[in-house]
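Taking it in order: structure first as C-alpha cells, then the write-up.
Residue numbering restarts at 1 for every chain, and letters A, B, ... go by the order of the sequence lines.
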Amino acid sequence: MSAPGPISRAKKDLLRSRKRRLPGKMRWLQVLRRTIQFSVLALLFLIPTLSAYDNLRNQGDDAAIERNTGTKLVHSVVGGMDDHRSITQSVRGSVWTFKAGKVVVSDPLAGVDFAMASRTAWDPFFLTLLIPIFLTVLLGRVFCGWICPADLLFEFASKLRAIAGIETNIQFSRLTKYAILGIGAVAAFWLGTQVFAEVYPPRVLSGELYLWISFGLFGAGTWFLLAIVVFEVFVSERFWCRYVCPGGALYSLLGRYRLLRIKVKQSACTSCEKCQPVCEFGLDPMRGEMGQECNNCGLCLRACAPKALVYQISLPRKGLELLP
Amino acid sequence: MKRILPPSRRQFSAIAGAVSKFVALGTFGLSAKKLRSRLVWAAVAPPAQQPVRPPGALPEDAFRADCTRCYLCGEVCPVQCIRFPSRIVSSQPAIAIRAPIHPDQGEERPE
C-alpha cells in the first residue's frame with residue numbers, strides 16, 4: 001500500500017460521499033429500495049418462525065413456544081385466532097421459491113437448474129418463473145439490489161470498504177459470470193443434480209436462516225458467505241455480484257432489452273464523475289455505458305448533483321443511453 | 001422421459017459433495033482420517049445407504065434432478081423429521097432416521 005497522496009485522498013472522499021446525504025434527486029427511491037430489501041430479509045426470518053410455531057402448536061408444546069422469542073411473538077399475534085393456520089401458512093419458502101397463498105414464484109436460475117438437471121423441456125414448475133421473467137424483461141436486473149438478501153450483505157461489505165478506506169481492488173472480467181452460468185448449466189446436465197442452488201448466495205442465505213431458526217445450527221453456507229464478505233472487503237469490491245454470480249448473469253441477459261433505463265442528459269452532465277464510484281456493479285453511468293448489467297437501483301441518480309441522470313421508459317434502441 | 005443416471009455419475013456427485021464438505025468443514029476439527037473415511041464412504045456406499053427421501057418423493061435419480069432445495073417440505077413437516085445436510089453441496093432433504101423404539105419399552109424419545 002502506497003502512502004495516501006492527494007489523488008487517493010480525493011478518491012477516498014468520493015467513496016465516503018456515499019455516507020453523506022447526497023445532493024441528487026430521488027432519495028425516496030433509495031428509501032423504498034432499502035424498505036423492500038429489509039422486508040424480504042424480515043420475511044426470511046419470519047417464514048421459518050411461522051413454520052416452527054405451527055409445528056410446536058401441532059405437538060401441543062406450549063412451553064417450547066414460550067421459550068423462543070420468535071414463536072412467542074407469533075403466538076401473541078395469532079394465538080387467539082380460531083384458524084391460525086390461515087395466517088401462518090399463508091407464506092412459505094424463500095427467495096428461491098416463494099409461496100404466498102396459492103401463488104408460487106421461483107427464481108429463473110432455479111428454472112435453468114431444473115431444466116438442465118432433470119433434462120426436461122416442460123414442467124409445470126416453469127410456470128412459477130413467469131412473473132420474475134416478465135419483471136426482469138421490463139425492468140432489467142431488478143432482483144439484484146431490490147430483493148436479493150445477499151445483496152444487502154454485500155452492499156454492507158462495500159460500505160465497510162469505504163469506511164475503512166481500503167483501496168485494494170482486484171478487477172476481473174465481467175464476462176466471467178456468463179461463463180460460470182454456462183459451465184454450471186452443463187455441469188447440472190451432466191451430474192443430474194442442481195448446482196446453482198448450492199452456491200447461489202440468496203438461496204444459501206435463506207437456507208442458512210432456515211437451518212438456524214428451525215434447528216439452531218449453522219451450516220457450511222455461513223462460512224461460504226462470510227468468506228465472500230471478507231474477500232470483498234479486503235480484495236475485490238463486489239466480487240460476487242460483478243464477476244461471479246450466475247443469477248446476475250441470467251438476469252443481465254434477460255434484462256438486456258429492458259424498457260426502464262437510466263440515461264444521461266449530456267447537456268447537463270458536468271463530467272464530475274461522482275456517479276462512477278457509487279455504482280455497486282462498477283458500471284459506467286456517466287458515459288451511458290451501463291449495458292445489460294444495470295439493475296436500475298438509482299444510486300447514480302442520487303449522486304448526480306446537476307441531475308443529468310434520469311430514468312426513462314423507452315423501447316430499446318442501439319446506443320441510446322445518451323440524451324442530448 | 002427421465003433418463004436414469006449411471007451409478008458412476010451419481011457417485012461423482014456424491015464425491016463432489018464429500019469433497020466440498022472436506023473443504024468447507026475441514027476447519028471444524030474433524031480429523032483427516034475421519035474426513036478421508038467419509039470421502040471413501042461416499043464413493044462406495046451401497047444404494048441402501050443412500051438417504052431416505054421425504055414421503056412420496058420421486059425415485060432417487062429423478063429426485064436428485066428435480067429437487068430445487070426450496071426447503072418447503074421441511075417447513076411443512078409437522079414433526080420436523082425432514083432434515084437438510086448443512087453443507088454446501090447436495091443439501092437436499094432427507095429423513096432423519098432414529099432407531100425404532102417399541103412403545104411398550106416406555107423409553108423417552110431422544111431429543
Side-chain angles (χ1 to χ4, degrees), chain A residues 47-48 50-52 54-59 89 92-99 104 106-107 109-111 113-114 116-123 125 187-200 203-204 206-208 210-212 214-215 217-224 227, chain B residues 1-28 30 50-51 58-93 96 109 111:
Chain A
I47 289 170
L50 287 177
S51 159
D54 259 5
N55 295 334
L56 292 174
R57 189 87 189 261
N58 274 344
Q59 294 161 17
Q89 295 186 354
R92 281 277 185 261
S94 63
V95 287
W96 193 235
T97 287
F98 179 72
K99 198 174 162 192
V104 186
S106 295
D107 196 307
L109 193 66
D113 240 357
F114 186 96
M116 298 311 276
S118 67
R119 302 168 189 183
T120 47
W122 169 249
D123 192 280
F125 174 71
F189 186 88
W190 187 70
L191 286 173
T193 187
Q194 307 189 2
V195 292
F196 296 130
E198 309 285 12
V199 293
Y200 189 50
R203 214 289 301 164
V204 172
S206 40
E208 289 302 308
Y210 170 75
L211 286 178
W212 177 53
S214 296
F215 306 112
L217 50 88
F218 287 103
T222 303
W223 300 105
F224 175 69
Chain B
M1 285 295 283
K2 299 251 159 64
R3 257 168 56 194
I4 300 301
L5 288 179
S8 64
R9 213 177 283 173
R10 186 203 284 167
Q11 278 169 3
F12 181 88
S13 72
I15 293 169
V19 167
S20 83
K21 193 169 185 182
F22 189 90
V23 172
L25 299 183
T27 51
F28 276 160
L30 286 173
Q50 295 292 343
L58 297 165
E60 178 65 17
D61 285 316
F63 182 83
R64 272 169 188 263
D66 286 11
C67 170
T68 61
R69 296 120 170 115
C70 66
Y71 290 12
L72 282 169
C73 58
E75 281 174 15
V76 298
C77 176
V79 288
Q80 292 193 321
C81 71
I82 298 177
R83 299 298 181 97
F84 302 87
S86 55
R87 57 189 180 203
I88 292 186
V89 171
S90 78
S91 55
Q92 286 177 324
R109 208 173 64 175
E111 286 300 313

Is A:F215 in contact with chain B via its backbone, its side chain, both, or neither, using a 4.5 Å heavy-atom distance?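 Contact with chain B: side chain only.
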To the nearest 0.5 Å, tell me how far [X] [atom1] sits from [Y] [atom2].
X      : Y      : atom1 : atom2 : answer
A:W96  : B:T68  : CH2   : OG1   : 7.5 Å
B:L72  : A:Y210 : CG    : OH    : 9.5 Å
A:D113 : B:C67  : CG    : SG    : 10.5 Å

Using atom types as modelled and distance alone, determine if a side-chain donor or acceptor of B:Y71 lies under 3.5 Å from a backbone N or O of A:S94.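 No, the answer is negative, given that no donor and acceptor are paired below the 3.5 Å cut-off.
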Checking the side chain of A:R119 only, and the main-chain atoms of B:A65 only, is there a donor and an acceptor separated by less than 3.5 Å?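 Checking the backbone N and O of B:A65 against the side chain of A:R119, no donor-acceptor pair under 3.5 Å is found.
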Taking all atoms of both residues into account, what is the closest heavy-atom pair of [X] and [Y], and its distance?
X      : Y     : answer
B:E75  : A:S51 : O-OG, 2.8 Å
A:R203 : B:R69 : CD-O, 3.6 Å
A:T193 : B:R64 : OG1-O, 3.1 Å
B:P78  : A:N58 : CB-ND2, 3.9 Å

Trace of the side chain to side chain contact (heavy atoms under 4.5 Å, CB included) decision for A:F125 with B:D66: CA-CA 10 Å; A:F125 174 71; B:D66 286 11; over 6 Å; no
